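So the structure is just underneath, and the comments pick up after that.
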Amino acid sequence: MTTTRNPTAATSQVTVLGLGEMGSAIARTFVDRGHRTTVWNRTASRSTPLVESGATAAATAAEAVAASPLVIVCLLDNTAVEEVLASVGPAVAGKVLVNVTSGSAGQARANERWAREHGAEYIDGKIMGDPPYVGTPNVMLLFSGSRPTFDAHEPTLRELGGIAYHGEDAGLAAVEFMAQVAVGYELLIGYLHVLRLVQAEGVDVVEFTERVAGSVAMYPSLLTSMGKAVKSGEYAPDLGPLNVQAALMDDLINHRESLGVEAVRMKEVKELMDRRIAGGHGDQGFSSLFELLGRPSRA
């Protein structure tokens with residue numbers, strides 16, 4: 001990994017709590033960039049490689065927090081975060097906690113309240129990327145919480161990769177992270193089911209994938225138009241009128257069922273389309289199904 005030393009980092013102190021793969025990558029980036037870095041981990045031996053590179057290991061989490069004005073928390077989950085924070089007690093007063101542990105928006109807001117009650121500032125963060133790329137533009141870090149606090153420490157946080165600030169509400173980084181990750185999983189599991197269908201028909205899945213890669217170029221503009229439609233409540237026939245789309249759904253469902261391929265999602269789409277059409281909205285597009293999400297169907 002290429003490193004660039006920050007000429008002002010010599011007076012910058014930072015603590016990293018948690019030395020799993022991601023925490024270690026964060027700590028190593030700070031060390032390599034010239035920051036005076038204190039590290040702590042429940043399993044003390046994990047700090048050895050970092051100490052050999054110039055970090056200082058603390059015996060306890062409280063000592064690690066006391067060592068620096070900026071404390072990066074990178075643990076397994078929010079339960080671990082709560083346990084570690086409870087152990088540091090008064091040491092957090094006057095510190096800035098930046099928690100990059102995965103967790104929900106509600107957990108982020110609860111952590112912010114805890115920090116405020118203990119005299120600390122809190123920024124919630126989420127990391128989109130893998131440990132080997134920390135410190136490069138291939139990692140995006142999402143932050144939310146106190147704007148003045150974020151602004152004060154932005155130069156240091158920017159050492160870790162690309163960054164984006166999502167607002168004063170501490171939960172907003174988690175909202176963005178969870179939504180971005182969910183889009184990926186929703187897309188990919190659907191894609192795997194399609195590959196099952198294609199393979200069942202004897203089509204080469206690699207060649208099919210190459211063709212799909214070309215087709216997805218249309219989606220950015222479609223997604224943008226759907227977002228605008230949901231916000232405005234005005235639903236143009238984006239993929240064609242629902243009256244026309246619904247007729248295709250039976251073919252998609254029957255095709256899958258004839259080959260023993262999962263059709264739950266297609267059936268869900270068909271059911272939503274039928275409900276929307278029955279409500280007198282058959283001239284609208286796919287984005288109008290948003291109006292039915294979270295609303296139970298009537299028997």
Side-chain angles (χ1 to χ4, degrees), residues 4 6-18 22-23 25-27 29-30 33-38 64-75 77-78 81-82 84-85 88 90-129 133-183 224 227 231:
T4 302
N6 181 343
T8 65
T11 58
S12 178
Q13 295 172 274
V14 61
T15 284
V16 179
L17 301 180
M22 185 63 77
I26 289 171
T29 298
F30 283 135
R33 304 290 171 86
H35 295 268
R36 287 187 286 171
T37 306
T38 300
V65 169
S68 310
L70 179 64
V71 179
I72 310 295
V73 183
C74 187
L75 300 170
D77 54 27
N78 195 68
V81 171
E82 291 176 350
V84 170
L85 292 183
V88 302
V92 301
K95 308 296 183 178
V96 173
L97 298 180
V98 179
N99 178 29
V100 296
T101 306
S102 295
S104 70
Q107 290 167 340
R109 293 168 185 137
N111 290 336
E112 182 189 46
R113 288 192 295 272
W114 183 94
R116 189 167 57 246
E117 290 167 0
H118 289 77
E121 297 290 334
Y122 182 87
I123 296 292
D124 200 71
K126 297 294 176 275
I127 303 174
M128 299 183 67
Y133 301 107
V134 171
T136 78
N138 294 324
V139 166
M140 173 60 70
L141 295 98
L142 317 174
F143 294 106
S144 56
S146 166
R147 182 77 208 218
T149 302
F150 171 78
D151 287 344
H153 295 279
E154 178 181 357
T156 302
L157 297 175
R158 195 172 289 280
E159 299 272 17
L160 301 177
I163 64 174
Y165 175 76
H166 288 274
E168 293 269 350
D169 178 347
L172 290 178
V175 171
E176 179 73 11
F177 176 78
M178 293 294 189
Q180 292 272 4
V181 171
V183 167
T224 298
K231 184 174 182 178

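Keep in mind it's a predicted model, so treat the numbers as computed, not measured. We number each residue from 1, following the sequence as shown. Scope of the values below: all heavy atoms of this structure, side chains included, with no hydrogens, waters or symmetry mates.
- No donor-acceptor pair under 3.5 Å is formed between the side chain of Tyr133 and the backbone N or O of Gly135.
- Among pairs with a residue in residues 142-153, those fulfilling salt bridge (charged side-chain N to carboxylate O under 4.0 Å, His left out) read Arg147-Asp151, at least two apart in sequence or across chains.
- Considering every non-hydrogen atom in both Ile26 and Ile127, the closest pair reads CD1-CD1, 3.9 Å.
- Considering only residues two or more places apart in sequence or on other chains, Thr101 meets the side chain to side chain donor-acceptor pair (under 3.5 Å) condition with Asn99.
- Among residues two or more places apart in sequence or in another chain, the salt bridge (Lys or Arg N to Asp or Glu O under 4.0 Å) test is passed with Asp169 by Arg109.
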Checklist line | Evaluation steps, side chain to side chain contact (heavy atoms under 4.5 Å, CB included), between Glu112 and Asp124 | finding: CA-CA 8 Å; Glu112 182 189 46; Asp124 200 71; over 6 Å; no
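- Scored by the ring-ring contact (aromatic ring centres under 6.0 Å, His included) test, Phe177 finds no partners at all (sequence neighbours excluded).
- Residues Glu121 and Thr149 approach most closely at OE1-OG1, 3.3 Å, considering heavy atoms.
- Remark: His118 engages Trp114 in a ring-ring contact (aromatic ring centres under 6.0 Å, His included) (not counting sequence neighbours).
- Nearest approach of Ser68 to Thr38, heavy atoms of both residues: OG-OG1, 4.1 Å.
- Of all heavy-atom pairs between Gly171 and Ala108, the closest is CA-CB, 4.0 Å.
- To the nearest 0.5 angstrom, Gln13 atom CD is 11.0 Å from Thr156 atom OG1.
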Item checked: Derivation and outcome, side chain to side chain contact (heavy atoms under 4.5 Å, CB included), residues Leu85 and Leu97 -> CA-CA 10 Å; Leu85 292 183; Leu97 298 180; 3.9 Å; yes
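- You'll find the side chain of His153 stays beyond 4.5 Å of the side chain of Val98, heavy atoms only.
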Next item on the list: Might you work through the side chain to side chain contact (heavy atoms under 4.5 Å, CB included) test for Leu17 and Val84, ending with a clear yes or no?
Entry: CA-CA 9 Å; Leu17 301 180; Val84 170; 4.1 Å; yes
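- A donor atom on one side chain and an acceptor atom on the other are found under 3.5 Å apart for Asn78 and Glu82.
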Item checked: Criterion side chain to side chain contact (heavy atoms under 4.5 Å, CB included) on Val134 and Met22, from CA distance to verdict -> CA-CA 8 Å; Val134 171; Met22 185 63 77; 3.5 Å; yes
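- No side-chain donor-acceptor contact under 3.5 Å links Thr29 to the backbone of Leu160.
- Here the OG-CD1 distance, from Ser144 to Ile123, works out to 7.5 Å after rounding to the nearest 0.5 Å.
- Between His166 and Leu142, the closest side-chain pair of non-hydrogen atoms falls below 4.5 Å.
- Residues passing the side-chain contact (heavy atoms from CB on, under 4.5 Å) test with Ala66, sequence neighbours excluded: none.
- Between Phe30 and His35, the angle of the ring planes goes over 60°, which puts this pair in the perpendicular group of the 30/60° scheme.
- What you find for Phe143 and Gly125 is that their closest heavy atoms are CD2-CA, 3.7 Å.
- Across all non-hydrogen atoms, the minimal contact from Ala174 to Gly103 is CB-O, 3.5 Å.
- In this structure the side chain of Leu157 reaches within 4.5 angstrom of the side chain of Ile72, judged on heavy atoms.
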